[in-house]
Amino acid sequence: MSLLEVDDDVVVRFGGVTAVDHASFTAGTGLVTGLIGPNGAGKTTCFNVISGLLRPAKGTVRFHGRDVTSTPVHRRAKRGMGRTFQRLEAFGSLSVRDNVRAAVDINRGLGGLLTPGHRSQAARVDALLDRVGLTHYAAERADAIPTGTARLLELARCLAADPALLLLDEPSSGLNESETEAFGVLLRELAADGRGVLMVEHDMDLVMSVCDTIHALDFGRVIASGAPAEIRGDAAVQRAYLGKADVGQVA
Ligand SMILES: Nc1ncnc2c1ncn2[C@@H]1O[C@H](COP(=O)(O)OP(=O)(O)OP(=O)(O)O)[C@@H](O)[C@H]1O
Ligand SMILES: [Mg+2]
């Protein structure tokens with residue numbers, strides 16, 4: 001049993017568009033799993049099904065072995081699913097620190113009683129800022145920091161809930177090369193902590209260097225699953241990227 005199982009051929013349709021077309025894949029504890037594919041392949045739609053924003057027309061989502069296909073978003077979150085969004089969601093007028101503090105407070109309300117005696121709120125906020133490398137941005141307003149940095153803030157806010165599964169939608173976009181490298185190290189650490197990471201990502205260098213397993217989507221279908229070297233050499237994956245914006249990134 002994997003931590004997350006998208007199973008029984010999940011289907012999502014929007015009118016005439018089949019955004020997810022009989023897709024099944026998994027993500028495991030202690031692993032970084034990549035979900036790749038050209039624009040419009042259905043990656044974010046899969047995340048919406050996994051996190052509970054969308055109910056599939058067909059198929060099952062299992063988390064910790066339990067069927068959560070009909071479980072509301074907040075209950076999935078409480079059971080340990082954390083998600084960041086492709087569009088940023090932080091409170092722009094608050095400082096970076098206050099954004100993280102708000103997330104810590106919300107999670108104390110939800111689950112704090114389950115872990116009595118844990119560190120003070122301020123220490124927890126500092127630890128989260130440090131974890132994602134944002135300590136020296138702590139006093140900045142969230143709407144004044146660069147986009148890539150704001151994505152790290154999203155991640156810190158998500159980690160405040162101590163999720164077992166992290167769903168990250170294009171987390172590295174806006175990061176420069178050295179920031180991306182550091183982010184890759186952070187992803188490995190988060191997995192080594194015993195979390196599962198499922199990441200939608202267009203930066204193929206990052207995906208290929210950090211992921212244990214990759215699932216490739218095209219037109220809503222899983223066209224390949226495997227280790228980075230297998231995906232890199234997969235003819236169907238290469239065809240899927242040919243002629244599209246990402247051409248040349250997989251080869
Ligand atoms: N709410 C919606 N209503 C109608 N069509 C939608 C909706 N959401 C997504 N789609 C369509 O479903 C398909 C998959 O979209 P999705 O956003 O999941 O792709 P993606 O792989 O995340 O793409 P990107 O890499 O550009 O973020 C696309 O054809 C998209 O236009
Ligand atoms: Mg998307």
Side-chain angles (χ1 to χ4, degrees), residues 4-27 32-61 68-70 72-73 76 81-90 147-148 150-152 154-155 158 165-175 180 183 187 197-208 210-211 213-226 228 231-232 234 236-251:
L4 174 75
E5 295 164 305
V6 174
D7 206 0
D8 304 321
D9 294 344
V10 165
V11 173
V12 178
R13 292 192 193 91
F14 297 112
V17 176
T18 304
V20 181
D21 191 4
H22 298 85
S24 297
F25 57 89
T26 62
V32 180
T33 303
L35 192 59
I36 66 167
N39 294 117
K43 305 177 297 294
T44 297
T45 305
C46 283
F47 266 27
N48 288 339
V49 169
I50 294 164
S51 62
L53 289 176
L54 273 178
R55 181 96 187 258
K58 178 185 182 311
T60 311
V61 178
V68 295
T69 319
S70 310
V73 176
R76 294 189 209 199
M81 255 192 215
R83 173 178 186 177
T84 62
F85 286 85
Q86 198 170 349
R87 267 186 26 219
L88 296 168
E89 303 273 319
T147 313
R151 290 194 187 281
L152 296 175
E154 295 276 287
L155 178 57
C158 183
L165 175 67
L166 275 166
L167 301 164
L168 307 178
D169 200 345
E170 301 195 19
S172 88
S173 71
L175 296 179
T180 301
F183 181 67
L187 289 175
V197 178
L198 179 62
M199 168 171 75
V200 167
E201 186 49 66
H202 283 291
D203 180 335
M204 286 303 144
D205 288 339
L206 177 66
V207 168
M208 293 295 167
V210 160
C211 292
T213 306
I214 298 168
H215 306 291
L217 287 179
D218 193 27
F219 295 110
R221 289 178 176 269
V222 179
I223 55 169
S225 290
I231 296 298
R232 196 191 289 272
D234 188 278
V237 174
Q238 290 179 357
R239 265 197 309 277
Y241 278 89
L242 276 178
K244 303 198 173 147
D246 309 276
V247 66
Q249 292 188 3
V250 173

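As the structure lists them, so they are numbered: ligands from 1, and atoms in each ligand from 1. Because the structure is a prediction, the values reported are computed rather than measured.
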Looking at residues at least two apart in the chain, or sitting in another chain, which of them share a ring pair (Phe, Tyr, Trp, His ring centres under 6.0 Å) with Phe47?
-> none
Results of salt bridge (Lys or Arg N to Asp or Glu O under 4.0 Å) for Arg76 - residues two or more places apart only = none
Residue [X] vicinity, atoms of ligand 1 by number, heavy atom under 4.0 Å:
X      : result
Glu170 : 25 (O), 27 (O)
His202 : 25 (O)
Ala19  : 12 (O), 13 (C), 14 (C)

Would you confirm whether Glu154, through its side chain, and Ala90, through its main-chain N or O, come within 3.5 Å as a donor-acceptor pair?
-> yes
Ignoring hydrogens and angles, tell me if any N or O in the side chain of His202 forms a donor-acceptor pair with the backbone of Glu170 under 3.5 Å.
-> no
Determine, using heavy atoms of Gly42 and all atoms of ligand 1, whether some pair is separated by less than 4.0 Å.
-> yes
Spell out the protein N/O/S atoms under 2.8 Å from the Mg ion (ligand 2) as residue plus atom name.
-> Thr44 OG1, Gln86 OE1
Between the SG atom in Cys46 and the CG atom in Leu217, the distance rounded to the nearest 0.5 Å is 5.0 Å
Just how far is it from atom CG of Leu166 to atom CG of Leu187, taken to the nearest 0.5 Å?
-> 8.5 Å
Residue and atom name of the nearest protein heavy atom (relative to [atom]), distance in Å to one decimal:
atom                    : value
atom 27 (O) of ligand 1 : Gln86 NE2, 3.0 Å
atom 17 (O) of ligand 1 : Thr44 CB, 3.9 Å
atom 28 (C) of ligand 1 : Gly40 O, 3.8 Å
atom 9 (C) of ligand 1  : Phe14 CE1, 3.4 Å
atom 16 (P) of ligand 1 : Thr45 OG1, 3.5 Å
atom 25 (O) of ligand 1 : Lys43 NZ, 2.7 Å
atom 26 (O) of ligand 1 : Asn39 ND2, 3.0 Å

Purely on distance, is any nitrogen or oxygen of Ala41 under 3.5 Å from one on ligand 1?
-> yes
Take Arg151 and Ser173 through the side-chain hydrogen bond (donor to acceptor under 3.5 Å, both in side chains) test and state the conclusion after the steps.
-> CA-CA 8 Å; Arg151 290 194 187 281; Ser173 71; 2.9 Å; yes
Validation: residues 8-21 side-chain donor-acceptor distances under 3.5 Å, sequence neighbours left out:
residue : atom : partner : partner atom : Å
Asp8    : OD2  : Thr60   : OG1          : 2.6
Asp9    : OD1  : Ser24   : OG           : 3.1
Asp21   : OD2  : Arg221  : NE           : 3.2
Asp21   : OD2  : Arg221  : NH2          : 3.4

Specify the closest pair of heavy atoms between Ala240 and Pro38, including all atoms of both residues, with the distance to one decimal.
-> O-CG, 3.4 Å
